[in-house]
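Accompanying notes for the structure given below.
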Amino acid sequence: LTPAGHLSEWSEADFIRAMRTGVEPGGERLSQVMPFQSISAMTDEELKAVWLFLQSLPPVETGSN
């Protein structure tokens, strides 16, 4: 996860909502390999910290969604 592809279009609020629900802002379900039970238990502050970390990474296009 880097600030490239779909993630580049998301806001912090979009990211937090997707991590809590497993659904992207556009309505698509995220991959089932994501550990949503663990992630959804994180506090807003923890998810904001993850968001900030991901935003600090250089964008890397993977060629897949």
Side-chain angles (χ1 to χ4, degrees):
L1 290 173
T2 69
H6 289 276
L7 193 58
S8 68
E9 301 167 2
W10 293 11
S11 68
E12 179 184 82
D14 291 336
F15 174 77
I16 292 171
R17 189 171 22 265
M19 294 302 104
R20 295 229 187 276
T21 65
V23 179
E24 290 187 18
E28 281 189 52
R29 297 215 43 90
L30 295 172
S31 171
Q32 293 300 314
V33 299
M34 292 289 289
F36 290 111
Q37 287 183 334
S38 299
I39 293 171
S40 67
M42 295 173 80
T43 66
D44 284 350
E45 188 171 317
E46 290 168 327
L47 287 170
K48 288 177 182 185
V50 171
W51 171 255
L52 287 175
F53 169 73
L54 293 174
Q55 294 304 303
S56 75
L57 300 174
V60 176
E61 293 290 343
T62 62
S64 63
N65 293 331

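Starting from 1, each residue takes its place in the sequence as its number.
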* In Å, rounded to the nearest 0.5 Å, how long is the span from CD1 of Ile39 to CD1 of Ile16? -> 12.5 Å

* Rounded to the nearest 0.5 Å, how far apart are CD of Glu24 and OG of Ser31? -> 10.5 Å

* Asked: Taking all non-hydrogen atoms of both residues, which atom of Phe15 and which atom of Leu47 are closest, and how far apart?
  -> CE2-O, 3.6 Å

* To do: Treat each ILVMFWY residue as a node, draw an edge where side-chain heavy atoms are under 4.5 Å apart, and state whether Val23 and Trp51 are in one component.
  => no

* Nearest heavy atoms of Met42 and Glu46, plus distance in Å -> CA-OE1, 3.2 Å

* Going by the side-chain hydrogen bond (donor to acceptor under 3.5 Å, both in side chains) test, which pairs reach into residues 13-23, not counting sequence neighbours? -> Ser11-Asp14, Asp14-Arg17, Arg20-Asp44

* **Heavy-atom closest pair, residues Leu30 and Trp10** => CD2-CH2, 4.1 Å

